[in-house]
Number of protein chains: 2
Amino acid sequence: MTSSPLQIALSHHRAWTSKDLAAAMAYVADDVVLDAPAGRLTGIEAYRQFLRPFAEQFLVRAELIAAFGDETTALIMYDTETIPAASAPAAECVTIRAGKIVHNRFVFDRLPFEEFRRRQAAGEAPRLP
Amino acid sequence: MTSSPLQIALSHHRAWTSKDLAAAMAYVADDVVLDAPAGRLTGIEAYRQFLRPFAEQFLVRAELIAAFGDETTALIMYDTETIPAASAPAAECVTIRAGKIVHNRFVFDRLPFEEFRRRQAAGEAPRLP
């Protein structure tokens, strides 16, 4: 039995929000295209580098707000508690092919992360692991 | 026949992205709660003031990316072309009661809008209508 796009999106989501980046990346295609707030990233390695700081440095916990899907696509929204922001919600619209994420439109507010970086640069925020 | 939460969310979306703010607000409950990137806003007047600059000043055009719903909730993602940013996608998770939006979790990237405001303040960006 193959998993639905929604099941794959949620498995990916649960893995990275459990800080298991390796398990999360198993759901991502080698030639994935990621449309992130800062622009388009291409390929699994760029996707991993995008996700790593959220999974390994910023994330405290995540909570799913809503999740839907059809035969090709899943759309999820969740809130995260992060070190830069007590509430940093995000939404992802992923397209699935052959059981893997081939495209992700990833929406979140960069502003608290940008402000945190600025405070770090000024020595006013803690260095993260 | 009553409209589904998804139909209501899409009608609201089409109205404000057509710059018809009055029509859009007809789908919003008086005591709506809006969880926006900058924090929680309460009441239809605060919602209108939040939406107005996007609808009346920033928006060039909008394009729906995905839209789903169930008996109580709709989740939509769309891209917008705006004056501050060529691509400013957003996601909204709305809860509907008695045919109106009573809660909206609204996710978008504030950074390009913040940077535009800074350029405006420095006299480097155009004044908007």
Side-chain angles (χ1 to χ4, degrees), chain A residues 4-7 9-10 13 33-41 50 54 62-82 84-96 101-118, chain B residues 4-7 9-10 13 33-41 50 54 62-82 84-96 101-118:
Chain A
S4 72
L6 180 57
Q7 288 170 321
L10 290 176
H13 173 77
V33 173
L34 170 63
D35 284 314
R40 174 163 287 192
L41 300 172
F50 167 82
F54 295 102
E63 188 181 358
L64 203 61
I65 293 172
F68 293 94
D70 59 20
E71 310 75 39
T72 59
T73 305
L75 180 59
I76 68 171
M77 182 183 282
Y78 50 90
D79 198 7
T80 64
E81 184 186 339
T82 66
S87 170
E92 298 178 45
C93 182
V94 298
T95 308
I96 307 292
I101 296 170
V102 294
H103 183 250
N104 188 349
R105 184 88 205 209
F106 204 123
V107 180
F108 70 98
D109 181 17
R110 284 180 293 171
L111 192 59
F113 296 93
E114 180 64 24
E115 288 172 344
F116 183 77
R117 257 189 294 270
R118 238 177 265 149
Chain B
S4 71
L6 180 57
Q7 288 171 321
L10 290 176
H13 172 77
V33 173
L34 170 62
D35 284 313
R40 174 164 286 193
L41 299 171
F50 167 83
F54 294 101
E63 187 182 357
L64 203 61
I65 294 172
F68 293 95
D70 59 19
E71 309 75 40
T72 58
T73 304
L75 179 59
I76 68 172
M77 183 183 281
Y78 50 91
D79 198 8
T80 65
E81 183 185 338
T82 67
S87 170
E92 298 180 45
C93 182
V94 300
T95 308
I96 307 293
I101 296 169
V102 294
H103 182 250
N104 188 348
R105 183 90 207 209
F106 204 124
V107 179
F108 70 98
D109 181 18
R110 285 180 292 169
L111 192 59
F113 297 94
E114 180 63 23
E115 289 173 345
F116 183 78
R117 256 189 295 269
R118 238 177 265 149

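First the proteins, then the strands, lettered A, B, ... as listed; each starts at 1. Note that these values count all heavy atoms, side chains included, but never hydrogens, waters or copies made by symmetry. In this text, all values refer to a predicted model and were calculated from it rather than measured experimentally.
Interatomic distance, B:E114 CD to A:R110 CZ, rounded to the nearest 0.5 Å: 12.0 Å. Taken to the nearest 0.5 Å, the CZ atom of A:R105 stands 12.5 Å off from the OH atom of B:Y78.
Between A:D109 and B:F108, the closest heavy-atom pair is CB-O, 3.3 Å. Nearest heavy atoms, A:A90 versus B:V107: CA-CG1, 4.2 Å.
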*Please assess B:F113 against A:L111 for the test side-chain contact (heavy atoms from CB on, under 4.5 Å), listing each intermediate value before the final yes or no.*
CA-CA 10 Å; B:F113 297 94; A:L111 192 59; over 6 Å; no
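For a residue to count as touching a neighbouring chain, one of its non-hydrogen atoms must lie under 4.5 Å from one of that chain's; by this rule A:D35 does not touch chain B. Looking at A:A85, neither its backbone nor its side chain comes within 4.5 Å of chain B, counting heavy atoms on both sides.
In terms of non-hydrogen atom pairs under 4.5 Å with chain A, the most contact-rich of B:P112, B:G39, B:P37, B:P89 is B:P89. Options A:G69, A:A67, A:A66 differ in how many heavy-atom pairs under 4.5 Å they form with chain B, and the most are formed by A:G69. When B:D70, B:L75, B:D79, B:T73 are compared by the number of non-hydrogen pairs under 4.5 Å with chain A, B:L75 comes out ahead.
Using modelled atom types and a 3.5 Å distance limit, the side chains of B:R40 and A:S87 yield no donor-acceptor pair.
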